[in-house]
Amino acid sequence: MLNILLPTDFSDNSWNAIVYALKLYKDEVCTFYLLNSTSLKASTMSSLSNKLLRTMREEAMKELLELKELADVADTNSNHSFEVILSSKHLQSAIKVAVKEKLIDLVIMATKGATGAKELLFGSNTVSAIQSLRHCPMLIVPQNYDYLEPTQLAFATDYKHAYSNKDLVPLKHLADLYNSKIRIVHINVEKELNSVQEYNFTMLKNYLNNHDYSFHWMPDYSKKVIEINDFIEELQINILAMVKYKHSLVENIFKESVVKKIGFNPRIPFLVQGKLTLLFLRS
């Protein structure tokens, strides 16, 4: 059984991410946890009385239960069950607590919620969750994205960091579910790989030896985000995956897209795999 966490602010974007999750794991036995944090609403108001806070929590719980009922009706899969979590903690803290207490294998959320600024392609809550979540993979679903079976997966790497086999488990699990091809993409910043990169390149091949994979080398002609988007379009990639670690490509992309607003437009779901992923597919 997989335990999947679905943070929601009851927006159309978050519902779209929930529908994507149900379709993606249609053939798996799953418990889906619908999580809502009342902290965001409370922080926008001042001098809240205990009565008003209680009313807000009651309303949020009512919406969660209605969402659970809607998911039950929309999803007729007998292998799926739904639970609700209402938290007064900040969303990042609420996610962390849920991941630990419910043994969550994967967090699936929208790129941005109802209040996401149009000029930013990732909402602030999504960015904060990615940056703070270290021991659980997260799948980010773009706004208005329609589900497509993920038969083509891309894994972007600079080969500068040694991955363990556990780091690749979420990606390989998806590949196993859909008999997907894994396309490993590297942007040629350097003329040739150094000894460390060569070693990591070899280890990556060993870890993927039971999967259909191929290596692709992109010329360093523009910003990384543009090159990755070109690769996605050319090979009709359905999910883009990266492993997050200090000074990784993920961090660089978020510096470009969020701080400088250059535009990493996640046209497809984006799987961010935190270093030391321990919970996914518990043995």
Side-chain angles (χ1 to χ4, degrees), residues 105-106 122 127 129-140 150 152-176 180-235 237-260 262 264 266 268-281 283:
D105 297 296
L106 178 66
F122 285 94
V127 172
I130 290 171
Q131 292 174 339
S132 63
L133 197 60
R134 300 183 181 278
H135 303 306
C136 184
M138 175 179 289
L139 183 62
I140 306 160
Q152 297 281 347
L153 310 177
F155 180 68
T157 177
D158 56 12
Y159 299 120
K160 293 180 180 179
H161 193 85
Y163 303 117
S164 71
N165 198 33
K166 286 182 178 179
D167 293 329
L168 302 174
V169 166
L171 177 67
K172 294 200 293 183
H173 177 64
L174 280 175
D176 291 338
S180 309
K181 295 178 173 61
I182 300 176
R183 308 300 192 186
I184 303 160
V185 57
H186 172 70
I187 298 169
N188 288 336
V189 176
E190 61 285 301
K191 291 184 178 180
E192 58 183 29
L193 300 182
N194 60 33
S195 58
V196 171
Q197 290 174 305
E198 285 285 0
Y199 174 80
N200 294 332
F201 172 78
T202 302
M203 292 305 297
L204 199 54
K205 287 194 292 186
N206 292 337
Y207 293 144
L208 297 175
N209 63 355
N210 292 324
H211 293 81
D212 185 356
Y213 69 90
S214 58
F215 289 93
H216 302 264
W217 309 83
M218 295 285 288
D220 185 24
Y221 61 81
S222 184
K223 292 182 175 66
K224 293 181 178 64
V225 293
I226 296 176
E227 293 171 73
I228 290 174
N229 277 334
D230 287 349
F231 180 80
I232 288 170
E233 185 173 345
E234 184 179 338
L235 274 76
I237 300 298
N238 306 118
I239 291 178
L240 170 66
M242 298 184 194
V243 173
K244 177 170 67 75
Y245 56 88
K246 194 172 182 181
H247 306 307
S248 67
L249 187 59
V250 174
E251 285 194 353
N252 291 335
I253 279 178
F254 275 94
K255 285 177 183 176
E256 288 183 5
S257 65
V258 178
V259 179
K260 298 180 182 178
I262 288 175
F264 173 50
I268 60 173
F270 182 39
L271 177 64
V272 182
Q273 302 159 230
K275 193 68 184 138
L276 299 177
T277 299
L278 301 178
L279 299 179
F280 199 93
L281 295 182
S283 56

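FYI, side chains are in, hydrogens and waters are out, and symmetry mates aren't considered; it's all heavy atoms of this structure.
Put simply, CG on L193 and CG on N200 are 9.5 Å apart, with the number rounded to the nearest 0.5 Å. Summarising the geometry, atom CD1 belonging to I182 is positioned 10.5 Å from atom CD belonging to Q152; distances are rounded to the nearest 0.5 Å. Here the straight-line distance linking atom CD1 of I237 with atom NZ of K181 works out to 10.5 Å at 0.5 Å rounding. We find the CG-CG distance between L174 and L106 to be 7.5 Å, quoted to the nearest 0.5 Å. Interatomic distance, H186 NE2 to D158 CG, rounded to the nearest 0.5 Å: 7.0 Å. Taking CG of N238 as the reference point, atom CZ of R183 lies at 11.0 Å (rounded to 0.5 Å).
The shortest non-hydrogen separation linking V243 to D167 is CG2-O, 4.1 Å. Residues L139 and P269 approach most closely at CD1-CB, 3.9 Å, considering heavy atoms.
Here the two rings, on Y213 and F155, have centers that are 6.0 Å apart or farther.
Under the ring-ring contact (aromatic ring centres under 6.0 Å, His included) criterion, Y207 pairs with no residue, sequence neighbours left out. Shown here are the side chain to side chain donor-acceptor pair (under 3.5 Å) partners of D176, two or more places apart in sequence or in another chain: H211.
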request  = Walk me through it: do L235 and V185 pass the test side-chain contact (heavy atoms from CB on, under 4.5 Å)?
outcome  = CA-CA 11 Å; L235 274 76; V185 57; over 6 Å; no
inquiry  = With side-chain hydrogen bond (donor to acceptor under 3.5 Å, both in side chains) as the criterion, how do K172 and N165 come out once you've worked through the C-alpha distance, each side chain's angles and the decisive distance to 0.1 Å?
reply    = CA-CA 10 Å; K172 294 200 293 183; N165 198 33; 2.7 Å; yes
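For the pair L240/F231, no side-chain contact is recorded, criterion being any heavy-atom separation below 4.5 Å from C-beta on.
Taking the six-membered ring where tryptophan is involved, the planes of F201 and F215 are tilted, since the angle between them lies from 30° to 60°.
Atom CD of E198 has more than 12 heavy atoms from other residues, nucleotides or ligands within 6.0 Å.
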